[in-house]
Each structure stands twice: as C-alpha cells, then as structure tokens.
Novice: 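What follows is a structure written as structure tokens; I'll ask about it next.
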Number of protein chains: 2
Amino acid sequence: MIMKDITPQQNKVLNCIKVYIKETGFPPTRSDICKEMGFRSPNSAETHLRALEKKGFISIASGASRGILVIDEEKGFYEETAETDSYPIIGLVAAGSPTLASENIEKQVPCPPNFFGSSFDYFLRVKGLSMKDAGIMEDDLIAVQKTHDVKNGDIVVARIDDEVTVKYFSKPSSDKIVLEPANDDFSDIEVDLRSEEFFLEGKYIGLIREN
Amino acid sequence: MIMKDITPQQNKVLNCIKVYIKETGFPPTRSDICKEMGFRSPNSAETHLRALEKKGFISIASGASRGILVIDEEKGFYEETAETDSYPIIGLVAAGSPTLASENIEKQVPCPPNFFGSSFDYFLRVKGLSMKDAGIMEDDLIAVQKTHDVKNGDIVVARIDDEVTVKYFSKPSSDKIVLEPANDDFSDIEVDLRSEEFFLEGKYIGLIREN
DNA sequence: TATTATACTGTATATATATTCAGTATAATA
DNA sequence: TATTATACTGAATATATATACAGTATAATA
C-alpha cells in the first residue's frame, strides 16, 4: 500500500492518537486530540483525522465514538516475522453452542504463526477419547485451520447438528461422508448429505499437550 | 493479583469485549455488547461491566464512551515475554551419542517460554511407539525440562548406557528404578542402580505434534 | 492566477453513549 | 429466613461525541 506523504503536523496528530491508545486502551475523541494538541476547535482534530484517513494512516468508523483505527504499516511485516501471534483456545462444548462464538474462547495464547508448518486459526480443546489411537487425548489442544480443502484420511473438525467432533475424514461418494474415530470403542459416523446437515469447521494441523 | 471468580456469563461478556476490541480496534459500547450478547437492555451490559470491574477484570473510565480497559492478567507478562525464545529440537538418536551435543540438534524453533506452563529446556523428537497409549507418537516433539526432581508416575527422559528413552518413572526402592512404557508390546525396564548406570535427562513437560 | 491542501477558530446540533432508576426472577449464602 | 449476587427488561436522561457549517489565513501547486 502506498501511503501519501504525511505532514509533520499530521504526524504529530497520528502519534498523539497512538500514545493515547497505548495509555488508555481506547482511541481519543476529537476533543481529546484537541487537549493533547492544544487545539481550540474540535474541527481541527476532525480535519486532521479526515486527512489521515484519506492518506491511509487511519480508518474512521462512521458514527461511532472513538472509532479511530490506526492502520499500522509495519504491522503486516511485523506479523510475518513476528515472534508470536495470539490464538484463541476454544472449548469443545458438547452440544448446542456455536463453535467459534466468542463466549467459548477459554483464553488467547501466544504462538508463532508458522509453528506447525501450515498456518492455523485457532486451538480446539479436545473432549473424549475417540481419537486416542491417533495420539489425540482428552484436553489436548489441536491447532485447526479453517478450510474446506480436505482429503480422505485427513483429521478434520466437523459439526453435525451443533455437535462438534474430531475424526478421520473420508468421502466415499458425492453424497456421503464418513467420519472415522481412531478408537475401537467408537463407531464410524456416516453422514448422508441428502438428509443431514454437515459442516466442516476445519482441518487438524497440529497438536499441543500441556502437562 | 487475586481475581475473584468470574461467572460463565461474565466470562462470555469479557470475551465478547476482547473480541470486539480485536476486531474493531476500540472497545464496545453497552449497546454493542447487547448486540453481541443478545441483551435487550443496556443495563444488562452495564451491570456486567460493573461486576467485571469489581472483580478486577476491567477498568471503566468514568464518563468516557467506550472507556473499557481490559486488565489482562496475562497481558503484562504476555507482552514482556511474548518474544519467543529459541529452543533446540534434539533427535533421539538410537544410541552412542551424548544427547544434547550440538550435532544432534535438528534445528532451533521459536516458542514462548511459558508455553507449557512450566519452563522447559529443549524439544526431543520421539522415536518408536513405546509411549503410544500415553498419546506420545513417533516423531512427536516432547518438551523436556532438565531436572532431577521427578515423582513416581512422571514421564521422564532417561539415559541408560548412552541409550535415551522416554518412559513412565517409578522408584520402588532406593537402588531400583523402573521405567514403564505405555504400550503392551513393550516390557518394563528395570534398572539396578548398584550395577547399572542410570542418568535422568529430564522430565516431560508437554508435547507438540506437527502434521 | 485560480485552485487545492494545510491548518486552524468558533458555533451548532443530532445522536451516540453512559448511567441512573424502577422492576422481575432465580440461585446461593448467612 | 433474610440477604446478597447474579441476570436480566424497560424507560429515561444528562452529556459525551461526531460532524456539519461558516469563516480566516498561508503555502503549494497547476
């Protein structure tokens, strides 16, 4: 992205915004910027904000108070080589809950983005022992990549009627999916796509066990 | 810092705030929380916020819009130490090699130091399936803490005559150590400390599987 | 030279937002 | 049993805030 030249004064305003966020945890109002910068009119802040927005340094959420989002140029680069990203741990609630809803997030954990070779989107805490023979035990964290690109034999995270499960995936025919556990005590789950709802949450990428 | 117990619902609200900030860059209003949580009254959000404040999870800037600051217990720690350390992956070479010699280092991988709760010193690449029933599979990386402080039942990394092995540890008497596999196809290893050399490399702390 | 961008003051206002008050209901606790 | 914490609905309101409008002034373009 090409960012037009920022003027010294606009840079001051931009920095003042960054400092404000760092200190308070939320962005400033026009009035706050005025106080920091010594302006007497909120419109001084407003016009600076519009200029910064036009030049691509910030985005402004219309109508929202404190709706300033600093678009940090370095963030992209930073994130590529960065030490860690933060990934949510999602509890595998037995049934009835939308899987990735924020309320199911146990916590965020730092982890290098390329930790498992492939990229991934979240950690899922495993319940049950249906994948025991694949070395996936209760309370393990599996790194899940949100994707629909899965092959027969992949371990996937699937949802059938709000019930989330981790199993081997295979699709023997166009309207049938078989989810196979890695534990003789469990049976295969056969899904008839003509009559049943099936949603593929993602693909198993790696595993972490905290002992 | 002692934080009083958070209720499940309060945790939902807290997570919803965190997600909102992550997605928009600024904290939600009471109304925003209502939308996310499905409340019909802004006072529902308000009371939850006050409860979260009372319990020390957030602070609220009086009078300010979106004045919610998430006091992430882990954040301070997180931000300070979030830079990953570099840990060596050591190949579990069958025999004849001093374990931690540099020639056995496959590569260095970045990982947050507190990734497994306890600190650890290196990763060991597992060979064989002797710990299969404990969910430790071939080529898994186990995080090992160099220590001699192990209890019966711990999984340890031990060396007997230059041979390195991962097993359950138990010490039934002062001159006897038993290393027990988690796989019926393998037998216990009994070490007589009066006649055999035994070296405890460390303790199993956690596990990573790259798929 | 006319135009545009920058850099402000000052006033006004619709609305976004925090916050209080009045209730209802349930479960836990003393 | 009374009390407190939790978990809400619903309405009301003071004010915090974005944002538009009317100006002034300077420097840099076209």
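Chain identifiers are assigned alphabetically (A, B, ...) following the order of the sequence lines, protein sequences preceding nucleic acid strands; residue numbering begins at 1 within each chain. Please read all numbers here as calculations on a predicted model, not as lab measurements.
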Novice: Only one of A:K12, A:K55, A:H48 forms a side-chain contact (heavy atoms from CB on, under 4.5 Å) with A:T7, so which one is it?
Specialist: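 Considering A:K12, A:K55, A:H48, a side-chain contact (heavy atoms from CB on, under 4.5 Å) with A:T7 is found only for A:K55.
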Novice: Identify the nucleotide, in any strand shown, that forms a Watson-Crick or G-U wobble pair with D:dA11, with both distances under 3.5 Å; if there is none, say none.
Specialist: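 Matched D:dA11 with C:dT20 under the 3.5 Å cut-off.
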Novice: If you take all heavy atoms of A:P28 and A:I68, which pair is closest and at what distance?
Specialist: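 For A:P28 versus A:I68, the nearest heavy atoms are O-CD1, 3.6 Å.
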Novice: Please give the nucleotide sitting opposite D:dA27 as a Watson-Crick or G-U wobble pair, both distances under 3.5 Å, or none.
Specialist: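 Paired with D:dA27, as far as the under-3.5 Å criterion goes, is C:dT4.
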Novice: Along DNA chain D, 5' to 3', what are the outermost nucleotides having an atom less than 4.0 Å from a heavy atom of chain A?
Specialist: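 Listed 5' to 3', the contact boundaries are D:dT17 to D:dA22.
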Novice: Which part of the nucleic acid does B:S31 contact within heavy-atom distance under 4.0 Å: base, sugar-phosphate only, or nothing?
Specialist: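 Touches nothing.
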Novice: Would you classify B:A51 as touching base, sugar-phosphate or nothing, given that sugar-phosphate means primed atoms plus P, OP1 and OP2, and contacts are heavy atoms under 4.0 Å?
Specialist: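 Result for B:A51 = nothing.
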Novice: Tell me: CG of B:N43 to C1' of C:dC21, nearest whole Å?
Specialist: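 About 9 Å, once rounded to whole Å.
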Novice: Please give, in whole Å, the distance from C:dT17 P to B:R66 CZ?
Specialist: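 That distance rounds to 4 Å.
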Novice: Would you mind reading off the distance between B:I60 atom CD1 and C:dT19 atom C1', rounded to a whole angstrom?
Specialist: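 Answer to the nearest Å: 11 Å.
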Novice: Taking all non-hydrogen atoms of both residues into account, name the closest pair between A:N152 and A:K171 and its distance.
Specialist: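 Between these two residues, the closest heavy atoms are OD1-N, 2.9 Å.
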Novice: For the backbone of A:D192 and the side chain of A:E196, can you confirm whether one donor and one acceptor N or O come within less than 3.5 Å of each other?
Specialist: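 Yes.
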Novice: Does the ring center of A:Y87 lie less than 6.0 Å from the ring center of A:F115?
Specialist: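 No, the ring centres sit 6.0 Å or more apart.
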Novice: Using a 4.0 Å heavy-atom cut-off across all strands, classify A:S44 as base, sugar-phosphate, or nothing.
Specialist: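 Base contact.
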Novice: Could you check B:T7 against A:P42 and say which one's nearest nucleotide on DNA chain D is further toward the 5' end?
Specialist: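 Its nearest nucleotide lies further toward 5', so the answer is B:T7.
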Novice: Look at all strands and tell whether A:E46 reaches a base, only sugar-phosphate, or nothing, counting heavy atoms closer than 4.0 Å.
Specialist: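 A:E46: base contact, heavy atoms under 4.0 Å.
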Novice: Check this one for me: any side-chain N or O of B:R30 less than 4.0 Å away from OP1 or OP2 of C:dT17?
Specialist: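 Answer is no, no contact under 4.0 Å.
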Novice: Less than 4.5 Å apart, any side-chain heavy atom of B:L207 and any of B:V126?
Specialist: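 Answer no - side chains too far apart.
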Novice: Which atom names give the shortest non-hydrogen contact between B:M131 and B:E180, and what distance separates them?
Specialist: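 Looking at all heavy atoms of both residues, the shortest contact is SD-O, 4.1 Å.
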